[in-house]
Asks: 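First the structure, then my questions, so here it is.
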Amino acid sequence: MKIKENSLPADVLGKIKNPDPIEGEDILIESENGELIGVIIQPKAYEFFLKKIEEKEDQIDSALDEKYDSSAKSLDDLMGED
C-alpha cells in the first residue's frame, strides 16, 4: 500500500522524515484496546533491515552451496536416463 505524504498529519510525517535515526521515531499503531496493529519505520531503518535480510539470505545460500556434492547422482541418473 502506498499513501501520499500530504495525507499524514504533519507531526507524524516529521517523525518519519527525521534524518537522524537516533532522534527519529518509529511509529507504533495501536487499536483502541492497546493491541499493536502496525508499525511505520523510517526509510533508513527499512533499508538497514532489508540489507540485513539479504545478508542472512546470502549466508543461507552459501551454506547450501557448501553442502552441494558434485559427485552425487543427478535426477537423470536416478531415473535411468542417459
Side-chain angles (χ1 to χ4, degrees):
M1 171 183 187
K2 292 183 181 181
I3 59 174
K4 299 293 183 189
E5 65 182 72
N6 62 0
S7 66
L8 296 171
D11 62 329
V12 172
L13 186 60
K15 290 175 182 174
I16 294 169
K17 293 178 93 172
N18 185 334
D20 184 350
I22 302 291
E23 292 181 15
E25 296 184 37
D26 299 332
I27 301 168
L28 306 178
I29 304 167
E30 296 181 340
S31 66
E32 293 296 322
N33 64 2
E35 178 185 356
L36 182 65
I37 60 172
V39 178
I40 299 173
I41 62 172
Q42 292 178 297
K44 287 184 180 183
Y46 179 72
E47 291 170 8
F48 173 80
F49 293 136
L50 285 181
K51 181 180 176 186
K52 289 298 178 187
I53 290 169
E54 289 172 2
E55 288 173 3
K56 186 64 176 177
E57 287 174 339
D58 290 345
Q59 289 174 354
I60 292 169
D61 290 345
S62 292
L64 290 174
D65 287 345
E66 290 173 8
K67 292 179 183 177
Y68 175 72
D69 181 359
S70 61
S71 65
K73 291 186 177 187
S74 70
L75 184 58
D76 290 338
D77 294 335
L78 294 173
M79 296 183 71
E81 297 178 11
D82 293 328

Asks: Please answer: with hydrophobic residues joined when any side-chain heavy atoms are less than 4.5 Å apart, are Val39 and Tyr46 in the same cluster?
Replies: yes

Asks: Find the distance between CD1 (Ile53) and CD (Glu55) and round it off to the nearest 0.5 Å.
Replies: 10.5 Å

Asks: Is Lys51 salt-bridged to Glu54, going by a charged N under 4.0 Å from an acidic O?
Replies: no

